[in-house]
Amino acid sequence: MDEERRRHPRYPKGSIELKVAPPGIKGILTLNPDAGCLNFSGTGLQFESDRRFKVGERLVVDLSVFDVALHEINAIVMSVKEEADGIRCCGVRFCLEDRPMRKPKIMHALLQIEDKLRTTEAFPHA
């Protein structure tokens, strides 16, 4: 993602707890890759991982920030960029148009997470 398009700076690894997996039975039966969230917005996020993802691949995302947690968020891989040491930077877009994602509580939680990250950035703990 271009710097000028980024709405917020990259977050320190660990400030957003993130899990990604393939949807369905494949996600249950396979070892989920390590993923560290780099950027977040209400419509998607970027994460780093050692696993190879493909553009267009569907994922299920669990994320937790402070006291807000979302589980089984549908997402699609929009970009993959090779970084150093076999690490890849993957950009995903939340599939907000999918029927299960149209629940008001999901959008509310995404907005809460975005607000909490913005507030923490503006007023960091000493």
Would you please test L110 and T43 for side-chain contact (heavy atoms from CB on, under 4.5 Å) and show each step? CA-CA 8 Å; L110 290 170; T43 58; over 6 Å; no
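A search for salt bridge (charged side-chain N to carboxylate O under 4.0 Å, His left out) contacts involving D98 returns R58, not counting sequence neighbours. Looking at residues two or more places apart in sequence or on another chain, you find a side chain to side chain contact (heavy atoms under 4.5 Å, CB included) between K54 and E57. Considering only residues two or more places apart in sequence or on other chains, D67 meets the salt bridge (charged side-chain N to carboxylate O under 4.0 Å, His left out) condition with K116. Partners of E82 by salt bridge (charged side-chain N to carboxylate O under 4.0 Å, His left out), not counting sequence neighbours, listed by chain and number: R52, R88. Take F94 and apply the ring-ring contact (aromatic ring centres under 6.0 Å, His included) test, not counting sequence neighbours, and it matches no residue. Not a single salt bridge (charged side-chain N to carboxylate O under 4.0 Å, His left out) links K81 to another residue, sequence neighbours left out.
Of all non-hydrogen atoms in D62 and E72, the two that sit nearest each other are OD1-N, 2.7 Å. V61 approaches A75 most closely through the heavy-atom pair CG2-CB, 3.9 Å. The two residues V20 and A35 come nearest to each other via the heavy atoms CG2-CB, 4.0 Å. What you find for P100 and N74 is that their closest heavy atoms are CG-ND2, 4.2 Å. For S79 against V55, the heavy-atom pair with the smallest separation is CA-CG2, 4.1 Å.
Atom CD1 of I16 is separated from atom CD1 of I113 by 7.5 Å, given to the nearest 0.5 angstrom. F47 CZ to F40 CZ: the interatomic distance, rounded to the nearest 0.5 Å, is 14.0 Å. A distance of 9.0 Å separates CZ in R118 from CG in L111, rounded to the nearest 0.5 Å. Here K105 contributes atom NZ and L70 contributes atom CG; the two are 8.5 Å apart, rounded to the nearest 0.5 Å. One distance of note links CD of E114 with OG1 of T119; it measures 10.5 Å at 0.5 Å rounding. Between the NE2 atom of H71 and the NZ atom of K19 there is a distance of 8.0 Å, given to the nearest 0.5 Å.
Proximity of Q46 to C37: side-chain heavy atoms (C-beta onward) are nowhere separated by under 4.5 Å. With contacts defined as side-chain heavy-atom distances shorter than 4.5 Å, the pair E17/V65 does not qualify.
Neither V60 nor L63 shares a network with the other; the hydrophobic side chains, linked directly or stepwise wherever heavy atoms of I, L, V, M, F, W or Y lie under 4.5 Å apart, form separate groups for each.
A donor-acceptor contact shorter than 3.5 Å links the side chain of R102 to the backbone of E97.
Grouped by direct or indirect side-chain proximity (heavy atoms under 4.5 Å, Ile/Leu/Val/Met/Phe/Trp/Tyr only), I87 sits alone. Through direct or indirect side-chain contacts shorter than 4.5 Å among Ile, Leu, Val, Met, Phe, Trp and Tyr, M78 is connected to I76.
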